[in-house]
Amino acid sequence: MFTSAATSFRVFNILKCSKYTFLRTTTYMAASPSTTVYSGALSIDSSADASPSSGDHGRYINEARPTSPITISLQEWQAWGTDSPLPTQVAEIVEEMIVSETESDAQMKFGGLGGKLKGDFKTQEDKKHRAKYRALDDSEQKLHFFSARQIACRLLGSRGYLCQKCWLPLEDCMCSNVVPCSLWHRMRFWLYMHPKDFLRQNNTGKLLWQVFGINSATLCIYGIAEHEEIMWKAFMHSGRNNVWCLYPNKNAPTKSVEDSFNGNMSTSFLHEPHSTNSSEIMNFILIDGTWSNSAAMFRRLKERADLVWGEDLPCISLTTGVSAMHKLRPQPSWDRTCTAAAAIGLLDELHLVSEFESLGLNKQAEAVENSVDVLLASLTGRRLRMGRSITRRLGHHDDIC
């Protein structure tokens, strides 16, 4: 969740596409056909898409249960856009759900908006997990459990349905149309993603590692201990002066890109050949979640920064364009935009700083812009094909996953 950029006409071009407001990070994923996960196989009802008016967005499949177990392998986990180890608690919850399914008469089924658990299995699992959540001792344990539960359900529910690279249904895969680009070697994006945005089809943060690669745009899931430790280890090695968060922090001084970097970077740092020294990397945190979730995510970052450095987290705001934001891409506030547009805005504004103008950051911004166009076209085509609205639908869901 970020402030928008007005210094570049390119960002306005992205915003012009926003008449299709389902691209916003505050919307829900297009509903998947219902899937049934057994202890050894996952079946997808491909006929579900043919009936978009169906209240349940798909039909369940009943087949004899195989006997071999399903697990989430390291290879499968990393194929979703990360090089981290499989989080321990996620693996444990997956195993627990598989055991519950084999011991129960109810089948593990997923369907509807976001590919959530459905049916009798959902009912019994929700009851069990709510009891476990309440029994946990402190808020940190509760957050870890909540996040791991979200990720576990999404991994199982998306298996065999979503492309692991672009997070779109396999029949709508956009990967062949995304053109990779190298990010400047002294720059790294950290996508600090809420677990409810993980595997969301209209998520735009995923575009950054599709374009730049996972070493230049790294996924860090809020509440997943292993991910957060990897990110903060990198920050501590780089030092506070090389970490910035793109967030409109109203309770602390927030600098513009120009104020933060104009005249503050040495020529040797900017133009020396590629270095593997992570202390020479500029780290930019992009909070990737709905605005209602972003406040808690930012507060967690601030608390960790205070613990590590005894100081607040440096924040950057992008130049805003009020009319473009309100007329072309409705958001909760005039100074807000989506994750990919924020990254584009940062790259464009850095390009306007004299020290950075020879680094090709405008071309890197253009590569992300092109990927946004590809995502927008894919989502639009899918919804029109299925007879669904291409405007945002408001709703509220209390599901655990």
Side-chain angles (χ1 to χ4, degrees), residues 1-2 21-32 35 57 72 77 80-82 84 87 89-90 93-94 97 110-118 122 125-126 129-130 132-133 139-159 161-162 164 166-169 190-209 219-228 231 247 285-301 331-332 336 338-340 342 375 379 392-401:
M1 311 285 58
F2 311 96
T21 55
F22 61 85
L23 188 59
R24 294 177 56 195
T25 54
T26 51
T27 59
Y28 299 102
M29 294 169 61
S32 66
T35 61
H57 300 283
I72 302 294
W77 163 248
W80 291 111
T82 180
S84 76
Q89 198 163 10
V90 171
I93 291 174
V94 168
M97 292 176 67
F110 297 86
L113 294 171
K116 295 180 175 65
L117 272 175
K118 307 290 287 187
K122 166 187 165 54
E125 285 297 294
D126 282 359
H129 283 88
R130 284 193 180 100
K132 184 173 181 178
Y133 180 86
S139 58
E140 189 72 5
Q141 291 179 334
K142 290 178 184 291
L143 174 60
H144 289 164
F145 178 76
F146 165 80
S147 296
R149 162 77 170 172
Q150 289 282 332
I151 300 305
C153 288
R154 289 164 189 266
L155 288 171
L156 290 173
S158 300
R159 228 176 195 176
Y161 172 59
L162 296 184
Q164 289 186 281
C166 67
W167 298 1
L168 295 183
W190 291 87
L191 280 300
Y192 192 44
M193 185 177 292
H194 194 276
K196 286 189 174 182
D197 279 84
F198 181 67
L199 304 188
R200 179 170 283 181
Q201 295 172 34
N202 63 2
N203 177 278
T204 64
K206 64 187 177 186
L207 297 174
L208 297 183
W209 65 75
L219 173 65
C220 176
I221 301 176
Y222 170 70
I224 297 297
E226 291 90 339
H227 271 200
E228 292 181 326
M231 182 174 72
Y247 192 79
I285 308 169
L286 306 178
I287 297 180
D288 195 357
T290 64
W291 279 100
S292 59
N293 289 327
S294 68
M297 298 170 71
F298 180 63
R299 183 167 58 250
R300 185 169 176 83
L301 289 170
Q331 291 279 349
R336 300 176 182 183
C338 73
T339 306
L375 175 60
L379 291 173
R392 180 173 182 254
R393 183 174 71 176
L394 294 172
H396 179 72
H397 300 273
D398 292 323
D399 302 274
I400 288 182
C401 75

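Side chains included, hydrogens not; waters and symmetry mates left out as well; all remaining heavy atoms used.
Atom-to-atom distance recorded for Trp77:CH2 and Leu155:CG is 6.0 Å, nearest 0.5 angstrom. Once rounded to the nearest 0.5 Å, the distance linking CZ of Phe198 with OG of Ser158 reads 8.0 Å. In this structure, Leu219 CG and Trp190 CH2 are separated by 10.0 Å, a value rounded to the nearest 0.5 Å. Within the model, atoms NZ of Lys206 and CG of Leu375 stand 5.0 Å from one another, a figure rounded to the nearest 0.5 Å. Here Met193 contributes atom CE and Arg200 contributes atom CZ; the two are 10.0 Å apart, rounded to the nearest 0.5 Å.
Looking at every heavy atom in both residues, Trp291 comes nearest to Ser294 through O-OG, 3.0 Å. Phe146 and Pro195 get closest at one heavy-atom pair: CE2-CG, 4.0 Å. Residues Val94 and Ala152 share a closest heavy-atom pair of CG2-CB, 3.7 Å.
Using a 4.5 Å heavy-atom cutoff, the side chains of Gln150 and Ile221 are not in contact. Proximity of Leu162 to Arg154: side-chain heavy atoms (C-beta onward) are nowhere separated by under 4.5 Å. For the pair Met231/Leu301, a side-chain contact is recorded, criterion being any heavy-atom separation below 4.5 Å from C-beta on. Within the 4.5 Å cutoff, no side-chain heavy atoms of Ile287 are placed close to those of Asn293.
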Problem set entry | Candidate pair Thr290 and His194, rule side chain to side chain contact (heavy atoms under 4.5 Å, CB included), full reasoning | CA-CA 8 Å; Thr290 64; His194 194 276; over 6 Å; no
For this session: Apply side chain to side chain contact (heavy atoms under 4.5 Å, CB included) to the pair Leu199 and Ile151, showing each step before the final yes or no.
Result: CA-CA 9 Å; Leu199 304 188; Ile151 300 305; over 6 Å; no
Exercise. Should Val90 and Ile72 be marked as a side chain to side chain contact (heavy atoms under 4.5 Å, CB included) after you check the CA-CA gap, both sets of side-chain angles, and the distance that decides it?
Worked result: CA-CA 9 Å; Val90 171; Ile72 302 294; 5.9 Å; no
For this session: Could you give me the CA-CA distance, side-chain angles and deciding distance for Asp197 and Thr339, then say whether side chain to side chain contact (heavy atoms under 4.5 Å, CB included) is met?
Result: CA-CA 12 Å; Asp197 279 84; Thr339 306; over 6 Å; no
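Contacts of Lys142 classified as salt bridge (Lys or Arg N to Asp or Glu O under 4.0 Å), with partners at least two apart in sequence or in another chain: none. Evaluation of the side chain to side chain contact (heavy atoms under 4.5 Å, CB included) rule for Gln89 yields Glu92, Ile93, His144, Phe145, Ala148 as partners, not counting sequence neighbours. Partners of His227 under the side chain to side chain donor-acceptor pair (under 3.5 Å) rule, at least two apart in sequence or in another chain, are Ser84. For Glu228, the side chain to side chain contact (heavy atoms under 4.5 Å, CB included) test picks out Tyr192, Cys220, Tyr222, Arg300, with sequence neighbours left out. The side chain to side chain contact (heavy atoms under 4.5 Å, CB included) check on Arg299 picks up Ala296, Glu303, with sequence neighbours excluded.
At least one donor-acceptor pair under 3.5 Å links the side chain of Trp167 to the backbone N or O of Trp80. A donor-acceptor contact shorter than 3.5 Å links the side chain of Thr204 to the backbone of Ala340. No donor-acceptor pair closer than 3.5 Å links the side chain of Lys196 to the backbone N or O of Gly289.
Between Asp126 and Arg149 there is a salt bridge, since at least one side-chain N of the basic residue sits less than 4.0 Å from a carboxylate O of the acidic one.
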